[in-house]
Amino acid sequence: MIKKSIYSILTMVLYLTMSIHVGAEGPNDPAPVLEPNSPNGKTVLFDNSHGQTAGQSDWVIDGAFSDFADALVAEGYLVKEHRSHDPLSHHDLEEVDVFVIPEAQIPFTTSEQDTIASFAEEGGGVFFIADHYNADRNLNRWDSNEIMNGWRRGAYDDPTKGMSPGEIAAMEGVESSQWLSDEFGVHIRYNAVDNTVANVIVPAEETFGITEDIHDISIHAGSTLAITNPEIAKGIVYLPDGLTEGENKWRNAVDEGVYFGGGIEEGPFVAIGKKDQGKAAFIGDSSPVEDSTPKYRNEEHGGVKRTYDGFIDLDNGELLVNLVDWLSEKENYTTFSDKGLILDEPSPMLLMETPEFSTEPQTEPWRLPNAGYLWYDQSTFADGSFGSDVAPPVDIQYAIETPDILPTDGSPFDVTVKVTNMAPGTSIDNGQIQVYLDGGRAISQIRQPDGSWPSNYGYHAIGMIEADENGVAELTITMRLATTIEAERANIRLRLGAGNNVFTKTVRLGAPALTSGFSVTNPHFSAELAQFSATPAGF
């Protein structure tokens with residue numbers, strides 16, 4: 001297994017990928033192919049046929065999974081993307097060594113499940129990349145964990161529960177089953193653990209060397225796994241003991257979020273599996289895999305995506321490459337007992353994790369999609385998204401000017417929103433702003449037009465943003481912060497409607513500012529700051 005610094009890998013592949021990326025925009029266009037300078041004779045195929053670019057996700061090899069793909073190219077792998085309107089077939093996986101399934105948002109049909117299982121049985125490697133429960137990015141009532149497990153929470157008897165006739169037609173061939181557990185010995189939990197470091201690492205001699213020099217892996221709103229068949233599935237990375245709902249639960253989780261207090265009973269965050277002649281690997285979060293270079297627009301509303309530099313965080317990238325190295329190696333043992341490994345105990349399971357006792361914690365989808373958007377009809381997708389035939393518009397640039405230090409004594413202060421590249425004479429009427437601490441606590445209010453202040457802290461409307469004849473708009477509002485804050489830093493964010501975050505930057509907190517100086521005046525520099533302070537796409 002080749003071991004090297006991720007930073008060295010990224011430096012090596014920079015010149016490889018710039019000339020290889022393909023600007024195709026939909027399933028009918030040629031898929032990108034990344035070719036190594038020194039081939040190792042092996043091919044890795046990334047799925048992009050099951051909603052991998054839905055919502056804020058951009059899990060493609062020339063977008064927000066490009067750091068991962070480029071690192072594999074540096075190791076000698078030929079890296080390709082699978083895109084198609086047709087169901088996944090055995091033909092699609094011919095001459096493929098490892099098939100990567102990033103966070104699917106469109107369910108697999110039974111024939112596709114059979115294809116994936118057969119591919120592994122015959123010697124292929126499959127890498128499942130999941131996320132937290134309620135990460136339903138295209139609002140079709142299914143999230144990646146449910147799709148990979150094979151059944152939808154609270155809807156085992158009817159996988160199309162609550163769907164319209166058009167949606168039901170798009171679900172043809174999808175049936176409920178405990179597919180992942182039956183075929184691969186793993187169940188992906190529906191928990192949601194946030195901002196935690198997975199630092200309980202199984203020794204390298206018990207993981208085929210995969211965890212050598214691996215110490216810390218990040219999780220940002222992700223799930224763990226349950227081992228259901230220890231003969232063919234084994235945990236290799238775990239979260240620490242002592243996790244609590246108060247400290248480690250994702251703030252938007254719709255149930256307990258933390259099921260067994262972390263540790264071994266919470267189940268592995270990363271696991272490996274043996275499937276007849278082939279292999280499998282599993283990780284419960286896409287955040288450690290993604291990077292901050294999304295390619296496409298949001299398919300629902302056309303907004304610019306913000307993703308997170310997770311691949312280069314901690315030991316994430318090195319572990320991911322090690323997993324692919326192991327998956328691509330052909331070995332003829334069929335169980336972990338055959339290799340004399342210490343087998344895991346089956347993971348404890350909550351009653352609600354089984355189909356017959358599962359419920360929908362809240363009505364799905366978790367919000368209604370924008371008018372006109374249909375997850376199954378690419379003709380309704382926004383310009384510039386994957387599946388759209390129309391190029392994206394010129395990017396509107398956003399900037400927020402604030403005092404150098406935002407006062408925490410309740411003093412009012414001015415904030416100016418600047419927007420450029422708007423169509424002349426147009427307006428934006430759904431802008432909202434808030435200041436929030438790391439972890440999500442809102443701490444700001446906006447003075448209302450009548451001079452009063454809201455009774456709550458959080459997002460508040462900023463009023464009409466109107467462009468002049470040059471497409472430039474500027475709007476100044478007055479804000480104040482809660483007086484019970486001890487933090488020194490926070491974030492200020494502008495969004496357009498619910499879920500469409502367009503600008504975020506870090507701000508300093510403290511005593512009232514003595515001058516009216518502003519911390520950001522260049523909108524292009526502001527955009528860079530926004531990307532550096534973007535939250536993981538799993539949020």
Side-chain angles (χ1 to χ4, degrees), residues 17 20-35 43-70 72-73 77-109 111-113 115-116 119 124 126-129 137-138 140 142 144 147-148 170-174 286 289-291 293-300 302 305 307 324 373-392 537:
T17 59
I20 297 172
H21 286 172
V22 178
E25 295 300 328
N28 293 325
D29 295 299
V33 177
L34 309 184
E35 298 186 9
T43 299
V44 180
L45 181 69
F46 283 70
D47 186 33
N48 185 22
S49 64
H50 291 86
Q52 276 85 8
T53 57
Q56 291 299 95
S57 62
D58 198 82
W59 312 149
V60 291
I61 62 175
D62 53 351
F65 266 22
S66 58
D67 278 4
F68 184 24
D70 291 347
L72 296 176
V73 171
Y77 292 98
L78 175 66
V79 179
K80 298 181 178 182
E81 176 186 299
H82 172 68
R83 52 174 63 166
S84 176
H85 285 297
D86 298 323
L88 183 72
S89 69
H90 293 280
H91 174 72
D92 296 321
L93 299 180
E94 289 179 353
E95 300 181 1
V96 171
D97 296 280
V98 178
F99 183 47
V100 181
I101 306 175
E103 203 189 327
Q105 294 295 315
I106 297 174
F108 293 99
T109 64
S111 69
E112 291 180 311
Q113 292 172 339
T115 294
I116 295 166
F119 171 70
V126 185
F127 191 3
F128 296 89
I129 300 171
R137 300 182 187 277
N138 60 1
N140 71 348
W142 284 77
S144 63
I147 289 167
M148 292 175 179
M171 292 282 289
E172 183 179 358
V174 175
S286 58
V289 191
E290 68 184 280
D291 60 63
T293 61
K295 177 181 180 182
Y296 298 110
R297 293 295 187 99
N298 186 298
E299 67 184 39
E300 181 188 5
K305 299 181 181 183
T307 51
V324 173
Y373 167 70
L374 301 172
W375 63 266
Y376 56 88
D377 183 355
Q378 293 185 345
S379 70
T380 69
F381 288 9
D383 297 350
S385 64
F386 181 78
S388 170
D389 294 329
V390 183

### Message
Using modelled atom types and a 3.5 Å cut-off, is there a donor and acceptor pairing between side-chain atoms of Asp97 and backbone atoms of Val44?
### Response
no
### Query
What pair of heavy atoms forms the shortest contact from Gly387 to Pro27, and how long is it?
CA-CD, 4.2 Å
#### Entry: Closest heavy-atom pair and its distance - Pro32, Ile61
O-CD1, 3.7 Å
### Message
Under the rule for side chain to side chain donor-acceptor pair (under 3.5 Å), what residues qualify as partners of Thr380, not counting sequence neighbours?
### Response
none
### Task
Would you confirm whether Thr115, through its side chain, and Ser89, through its main-chain N or O, come within 3.5 Å as a donor-acceptor pair?
no
### Summary
What one should report as the nearest heavy-atom pair of Ala64 and Thr307 is CB-OG1, 3.8 Å
### Query
Are any of the side-chain nitrogens in Asp58 or Lys295 under 4.0 Å away from the carboxylate oxygens of its partner?
no
### Query
How long is the gap from OG1 on Thr53 to NZ on Lys305, to the nearest 0.5 Å?
5.0 Å
### Task
Flag the pair Phe99 / Phe46 as yes when their ring centroid distance falls below 6.0 Å, and as no otherwise.
no
### Steps toward side chain to side chain contact (heavy atoms under 4.5 Å, CB included) verdict (Ile101, Met148)
CA-CA 9 Å; Ile101 306 175; Met148 292 175 179; 3.9 Å; yes
### Query
Can you tell me how far CD of Glu81 sits from CH2 of Trp59, rounded to the nearest 0.5 angstrom?
14.0 Å
### Query
Should Phe381 and Tyr373 be marked as a side chain to side chain contact (heavy atoms under 4.5 Å, CB included) after you check the CA-CA gap, both sets of side-chain angles, and the distance that decides it?
CA-CA 6 Å; Phe381 288 9; Tyr373 167 70; 3.7 Å; yes
### Query
Is a donor on one side and an acceptor on the other found under 3.5 Å between the side chain of Asp377 and the backbone of Leu374?
no
### Task
Let me know which of Val126, Val98, Asp92 forms a side chain to side chain contact (heavy atoms under 4.5 Å, CB included) with Phe119.
Val126
### Working for side chain to side chain contact (heavy atoms under 4.5 Å, CB included), residues Lys80 and Val96
CA-CA 9 Å; Lys80 298 181 178 182; Val96 171; over 6 Å; no
### Query
Is there a donor-acceptor pair closer than 3.5 Å between any side-chain N or O of Arg297 and the backbone N or O of Ser385?
no
## Note on the structure
CD (Glu94) and OG1 (Thr43) are apart, to the nearest 0.5 Å, by 12.5 Å
### Any side-chain heavy-atom pair of Arg83 and Asp29 under 4.5 Å
yes
### Query
Can a donor-acceptor pair be found between the side chains of Ser84 and Ser49 at a distance below 3.5 Å?
no
### Query
By salt bridge (Lys or Arg N to Asp or Glu O under 4.0 Å), which residues pair with Glu299, not counting sequence neighbours?
none
### Summary
The residue among Val60, Asn48, Val289, Asp70 that forms side chain to side chain contact (heavy atoms under 4.5 Å, CB included) with Phe65 is Val289
### Message
Under a 3.5 Å cutoff, is there a donor and acceptor pairing between the side chains of Gln105 and Asn140?
### Response
no
### Task
Inspect the surroundings of CG in Asp383 and state if more than 12 heavy atoms from other residues, nucleotides or ligands are less than 6.0 Å away.
yes
### Task
Would you sort out whether Leu78 and Val33 count as a side chain to side chain contact (heavy atoms under 4.5 Å, CB included), showing the intermediate values?
CA-CA 8 Å; Leu78 175 66; Val33 177; 3.7 Å; yes
#### Entry: 4.5 Å side-chain heavy-atom contact, Trp142 and Met171
yes
### Query
At what distance, to the nearest 0.5 angstrom, does CG of Leu45 lie from CG of Leu93?
6.5 Å
### Task
Would you mind reporting whether Tyr77 and Val324 have side-chain heavy atoms less than 4.5 Å apart?
yes
#### Entry: Nearest non-hydrogen partners of Glu112 and Pro107, listed with the distance
OE1-O, 4.1 Å
### Query
For Asn28, what residues pass the side chain to side chain donor-acceptor pair (under 3.5 Å) criterion, not counting sequence neighbours?
none
### Message
For His50 together with Phe108, are the ring centres under 6.0 Å from each other?
### Response
yes
### Message
Is it true that, when you exclude His91 itself, more than 12 heavy atoms of the residues, nucleotides or ligands shown sit nearer than 6.0 Å to its NE2?
### Response
no
### Task
Could you tell me whether the side chain of Ser57 and the main chain of Gln52 form a donor-acceptor pair under 3.5 Å?
yes
### Query
Is a side-chain donor or acceptor of Asp291 paired with a backbone partner of Ser66 at a separation under 3.5 angstrom?
yes
### Query
Minimum heavy-atom separation for Ala170 to Trp375, with atom names?
CB-CH2, 3.9 Å
### Query
Which distance, rounded to the nearest 0.5 Å, do you find between the OG1 of Thr293 and the CG of Asp67?
6.0 Å
## Note on the structure
On a heavy-atom basis, the closest approach of Asn298 and Glu300 is OD1-N, 2.9 Å
